[in-house]
Amino acid sequence: MKDIDSVEQQSKVQQHRNRDGVEIGYAMIVTSFFSMDIVTIVLGSIVTLGCCCASEYQLSKKSKRLATITVVTAVAKIITWGVFFVLFFNSFYQLLGVSNNIGEINDDFNTGNYGSDFNNDITDFNDDITRNAITTLSVGGNTILILIFILSIMNIVFACLYTFQRG
């Protein structure tokens with residue numbers, strides 16, 4: 001009788017161990033899907049570091065590794081968003097500088113301080129800046145947005161692997 005009770009108890013313990021962290025995994029999937037990266041990082045860090053409610057979890061190294069990868073992809077996504085905004089504001093600032101130069105050209109035109117070649121040189125210079133700013137924003141911005149999309153998919157996949165891949 002004792003052996004049967006012992007086997008049943010071990011089976012229950014094993015089932016409990018397989019369920020450790022599943023609730024946090026579901027939350028990581030939802031937060032990854034809705035791009036709440038900071039919450040995903042916090043939840044993944046709780047699991048990875050074994051603090052708070054995860055201190056009693058007995059997770060395999062594979063599960064902890066998947067949670068760590070989920071955290072890393074969320075951090076990479078935040079950094080990539082930062083690069084995108086720096087690129088966007090840099091291009092915006094360049095375009096803003098062009099409009100300021102146009103204001104200076106109008107002032108020079110109104111005061112008569114211009115030569116025959118002056119306006120053509122400034123206009124060509126402004127066109128180059130505008131073209132470079134728009135090209136940088138469109139090519140670089142699209143590349144970064146594609147990278148963010150790929151990181152989002154990776155984040156969801158690794159959160160799902162952490163939640164459903166047990167062993």
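- In this structure a side-chain-to-backbone donor-acceptor pair under 3.5 Å is missing from S32 to I156.
- For residues 139-153, the set of pairs meeting the salt bridge (charged side-chain N to carboxylate O under 4.0 Å, His left out) definition, not counting sequence neighbours, is empty.
- Pairs of residues two or more places apart, or lying in two chains, that qualify as ring pair (Phe, Tyr, Trp, His ring centres under 6.0 Å) and include a residue from residues 21-50 are Y26-F164.
- Remark: I78 pairs with D37, I38, I41 by the side chain to side chain contact (heavy atoms under 4.5 Å, CB included) rule, at least two apart or across chains.
- With sequence neighbours excluded, the residues that form a ring pair (Phe, Tyr, Trp, His ring centres under 6.0 Å) with F84 are W81.
- Under the 4.5 Å side-chain contact rule for hydrophobic residues, V39 and V72 do not share a cluster.
- F149 pairs by the side chain to side chain contact (heavy atoms under 4.5 Å, CB included) definition with I153, not counting sequence neighbours.
- Note that the CG atom of L145 and the CD1 atom of I150 stand 11.5 Å from one another [nearest 0.5 Å].
- Taken to the nearest 0.5 Å, the NZ atom of K62 stands 8.0 Å off from the CG atom of L161.
- Residues Y162 and L59 meet the side-chain proximity criterion, which asks for heavy atoms closer than 4.5 Å.
- Distance CD1/I46 to OG/S55: 10.5 Å, rounded to 0.5 Å.
- Partners of S45 according to the side-chain hydrogen bond (donor to acceptor under 3.5 Å, both in side chains) rule, which considers only residues two or more places apart in sequence or in another chain, do not exist here.
- Of the listed residues (T31, V42, L43), just one forms a side-chain contact (heavy atoms from CB on, under 4.5 Å) with M36, and that residue is T31.
- For V86, the side chain to side chain contact (heavy atoms under 4.5 Å, CB included) criterion is met by no residue, not counting sequence neighbours.
- For S35, the side-chain hydrogen bond (donor to acceptor under 3.5 Å, both in side chains) partners are K77, not counting sequence neighbours.
- Applying side-chain contact (heavy atoms from CB on, under 4.5 Å) to T70 and the options T40, V75, I29, V157 leaves one that passes, T40.
- The shortest distance between side-chain heavy atoms of N155 and L151 does not fall below 4.5 Å.
- A chain of hydrophobic side-chain contacts below 4.5 Å, direct or via other Ile, Leu, Val, Met, Phe, Trp or Tyr residues, connects M154 to M28.
- For the side chain to side chain contact (heavy atoms under 4.5 Å, CB included) test, residues two or more places apart in sequence or in another chain that qualify with T48 are A67, T68.
- Clustering ILVMFWY residues whenever any of their side-chain heavy atoms sit less than 4.5 angstrom apart, transitively, puts V83 in the very cluster that holds I148.
- For residues 45-56, the set of pairs meeting the salt bridge (charged side-chain N to carboxylate O under 4.0 Å, His left out) definition, not counting sequence neighbours, is empty.
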